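Structure, as structure tokens:
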Amino acid sequence: MTAADQIRTELIRAARGLGAPEDVDPLMERPRESSHGDWATNLAMVLAKPLKSRPRDIAERLRDSMSLESAGVSKIDIAGPGFMNFWIDAGRIASGLRDIIAANESYGGSKVGAGRVVNVEFVSANPTGPLHVGHGRQAALGDAISTLLEVTGWNVTREYYYNDAGVQIDNLAASVEARLSELRGKPAQVPEGGYHGEYIRELAERYNATGEGLSVREFAVRELRKEQDLDLQAFGVRFDRYFLESSLYTEGMVEDTVRLLVASGKTYEHEGALWLRTTEFGDDKDRVMRKSDGTYTYFLPDVAYHVTKWKRGFRRAIDVQGADHHSTVTRVRAGLQALNMGVTEKYPEYVLHQMVTVMKHGEEVKISKRAGSYVTVRDLVNEVGRDAVRYFFLMRKSDSQLIFNVDLAASQSEENPVYYIQMAHARMCGIFRVGEIDPESVSADNVSFELLSEPEEQELIKALLDFPSLVESAAETLEPQRIATYLLETARLAHLWYHKHHVLEQAEDVTRARLVLARGAQIVLRNGLQILGITAPERM
RNA sequence: GCGCGCGUAGCUCAGUUGGAUAGAGCGUCGGCCUCCGGAGCCGAAGGUCGUGGGUUCGAGUCCCGCCGCGCGCACCA
């Protein structure tokens, strides 16, 4: 049990003694000001109303009835409007390192997910061209969110939905056919809404050379799926399942969904089209399901697809998408509600991300050679490396626009946050290498933790001990950028400590204690990077 | 026009889900340093948190109006 947990328990006991409600749940927080102690609670202010007393009076009575020697509390102050500030012995704080060493790879994780299943769908690009930077942001986000859920005890399925049916694929096929026709000496126009990138020409050439007995359409989709898989591999993202939109048609799920929606009475015919009353579920206008030409709009297969998620047992599903798709949110949910099959209202959850702008030498980069009108994920990975691309995509919260500074991402200097964090980890490894010590052999037994009392040591240790609660809140809010920010700050503290205090060649008990701290920092930095899908090199 | 998102230091952005005197990096100014692993370290200046109201012990954070920017408003995805 951590010192904070002990204080909390004791606070609850004391508060009940004063007649506080049964469900009293004190909030423990770390004051940002060090003169406010190591832990603080606002409990006395919260209790002011129910107990009909002044916060400061309540705080005093709480203090008087608490016994906190075993938690290592050395002082309690009452400050401001009624905050209670707790000071903990330096040695007691440092002894928390024991948990880090013991947990090792699993430090930071928890079991709050309790093994429940969750489906995380991301990237889901149309197989109509190479992946662009927006897909890259989704890949980094989706993968990090998945890992966050995994380390907090969820059973995650990473899923990719291929829109391999519908109008965009028709456009793709027509575009390739136009280039093919050119190759064969008959000039042709790429159709309206078609694709113009260099890769379309390449596809036509390859089809012309081999073709392999496939239609242009089949060939193009197959080749582009292969290419997207290579992009994702280069980025280090793996999926557990690929779901093909076309299978929804071939297995009759689209038809089933239409039938069930009609049966629900939430549909009507108008001007030859079939509409769904999505306005009954919060949409601003009703939506067409089946067009007057008999084909379906995209949103119907989307609903059918999410029905399969529900039927496959996923009571929780998360979709990571670009914010330009945000209008699908109410529609898909409305469709699921209209089916009246018990799907929860907020199903699926959405993580929407804003646009990515790529900057190089102070100017916006808009085109790639192969894709023509946009920058691809592979361009970025080739230029700055996988780790930097991952970090830069994850350093901002998803609903902020993101400027990707290629020059900074590529630089091998401490101004580059990825390099800075990895360097901190490598430095910790360097201590063990120079000292010829196997880090796995570092033990917290018989260590004099009170020797880790330098301010830089205490700051670093507190940051390391905050890691598990940070991971939990990042997982709960689906916000990996919190991990990115935390790692940068923790790396800074590790660098500061490293510069000021030497580990090796000190008095033996000092060296032993500091090795435990170096080991703790190494573990936390490594585990944090792992959540973001970034490597933790041992030397740089 | 309607919907969603964003607006925090000169620049790029954090802000633990409502807490105390709003933080970091870069840049600027001043001063040290050459250290297990590399130009690193210390300090200073810099703010009406877009704006006007509201909610309460307490608001950058929640609610409403306005301004600015982005995205979306198809029988496209």
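Quick caveat: nothing in here was measured; it's all calculated off a predicted structure.
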All N/O pairs under 3.5 Å across the protein-nucleotides 73-75 of chain B interface:
residue: B:C75; atom: O2; partner: A:S292; partner atom: N; Å: 2.7
residue: B:C75; atom: O2; partner: A:S292; partner atom: OG; Å: 2.9
residue: B:C75; atom: N3; partner: A:S292; partner atom: OG; Å: 3.3
residue: B:C75; atom: N4; partner: A:E271; partner atom: O; Å: 3.1

Which of the following nucleotides, [options], is nearest to the side chain of [X]?
X      : options             : value
A:R492 : B:C36, B:G25, B:G70 : B:G25
A:A426 : B:A14, B:U12, B:G37 : B:G37
A:R482 : B:U16, B:C13, B:G72 : B:U16
A:V167 : B:C71, B:C76, B:G37 : B:C76
A:K397 : B:C71, B:G15, B:C13 : B:G15
A:D399 : B:C6, B:C76, B:C13  : B:C6
A:R539 : B:C36, B:G37, B:G15 : B:G37
A:S473 : B:C36, B:U16, B:A20 : B:U16
A:F83  : B:G70, B:G37, B:A20 : B:A20
A:Y298 : B:C36, B:C4, B:A77  : B:A77

With sugar-phosphate meaning primed atoms plus P, OP1 and OP2, does [X] contact a base, only sugar-phosphate, or nothing at under 4.0 Å between heavy atoms?
X      : value
A:M289 : nothing
A:M395 : nothing
A:H325 : base
A:T477 : base
A:L408 : nothing
A:A474 : nothing

Is there a Watson-Crick or G-U wobble partner for [N] with both distances under 3.5 Å, and which nucleotide is it?
N     : answer
B:G60 : none
B:C73 : B:G1
B:G68 : B:C6
B:U12 : B:A24
B:G43 : B:C29
B:U55 : none
B:G38 : none

- Query: Using the benzene-type ring in the case of Trp, are the ring centres of A:H326 and A:Y350 under 6.0 Å apart?
  - Reply: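 No, the ring of A:H326 stays outside the 6.0 Å limit from the ring of A:Y350, centre to centre.
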
- Starting at the 5' end of RNA chain B, which residue's closest nucleotide do you reach first, A:G430 or A:R30?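 Result: A:R30.
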
- Message: Reading RNA chain B from 5' onward, which residue's closest nucleotide shows up sooner: A:Q401 or A:I431?
- Response: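 Upstream on the strand: A:I431.
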
- Kindly say if A:Q481 contacts the phosphate of B:G15, meaning a side-chain N or O under 4.0 Å from OP1 or OP2.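 Yes, A:Q481 has a side-chain N/O under 4.0 Å of OP1/OP2 on B:G15.
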
- Report yes if a side-chain nitrogen or oxygen of A:R427 is closer than 4.0 Å to either non-bridging phosphate oxygen (OP1 or OP2) of B:G37; otherwise report no.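 Checking A:R427 against B:G37: no side-chain N or O falls below 4.0 Å of OP1 or OP2.
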
Does any donor atom in the side chain of [X] or [Y] lie under 3.5 Å from an acceptor atom in the other side chain?
X      : Y      : result
A:N163 : A:Q168 : no
A:R519 : A:Q522 : yes
A:H306 : A:D319 : yes
A:Y199 : A:E227 : no
A:Y268 : A:D286 : yes
A:E457 : A:H501 : no

- Query: Considering the options A:Y162, A:F299, A:Y160, A:F243, which one meets the ring-ring contact (aromatic ring centres under 6.0 Å, His included) requirement together with A:Y305?
  - Reply: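 The passing option is A:F243.
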
Write down the distance separating the [atom1] atoms in [N] and [M], rounded off to the nearest Å.
N     : M     : atom1 : result
B:G23 : B:U16 : P     : 14 Å
B:C63 : B:C4  : P     : 11 Å
B:C35 : B:A20 : P     : 43 Å
B:A59 : B:G52 : C1'   : 15 Å
B:C36 : B:C32 : P     : 22 Å
B:C41 : B:G25 : C1'   : 16 Å
B:G60 : B:C42 : C1'   : 30 Å
B:G65 : B:C76 : C1'   : 36 Å

- Cation over ring, A:R287 on A:W275, under 6.0 Å and within 45°?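 Relative to the ring axis of A:W275, which defines the angle, A:R287 lies outside at least one limit.
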
Over all heavy atoms of both residues, which pair between [X] and [Y] is shortest? Give the atoms and the distance, please.
X      : Y      : answer
A:A426 : A:M540 : CB-CG, 3.9 Å
A:R137 : A:H353 : CD-ND1, 3.6 Å
A:L408 : A:E415 : CD1-O, 3.5 Å
A:A79  : A:N85  : CB-ND2, 3.6 Å
A:E345 : A:R333 : O-CD, 3.5 Å
A:V288 : A:R290 : CG1-O, 3.5 Å

Report all interatomic pairs (protein N or O, nucleotide N or O of nucleotides 57-64 of chain B) with separations under 3.5 Å.
residue: B:C57; atom: OP1; partner: A:K49; partner atom: NZ; Å: 3.1

Please list, for nucleotides 27-35 of chain B, all pairs of protein and nucleotide N/O atoms separated by less than 3.5 Å.
residue: B:C35; atom: O2'; partner: A:H502; partner atom: NE2; Å: 3.1

- Query: Below 4.0 angstrom, N of the basic side chain to O of the carboxylate: do A:E121 and A:K309 qualify?
  - Reply: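 Result for this pair is yes, salt bridge flagged.
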
Starting from [atom2] on [N], measure out to [atom1] on [X] and report it in whole angstrom.
X      : N     : atom1 : atom2 : result
A:Y161 : B:A77 : OH    : P     : 10 Å
A:N416 : B:U12 : CG    : P     : 18 Å
A:M28  : B:G19 : CE    : C1'   : 14 Å

- Task: Could you tell me whether B:U17 is syn or anti, where syn means a glycosidic angle within 90 degrees of zero?
- Result: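 This nucleotide is in syn.
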
- Item | B:A20 base / A:N85 side chain donor-acceptor hit below 3.5 Å |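 Present.
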
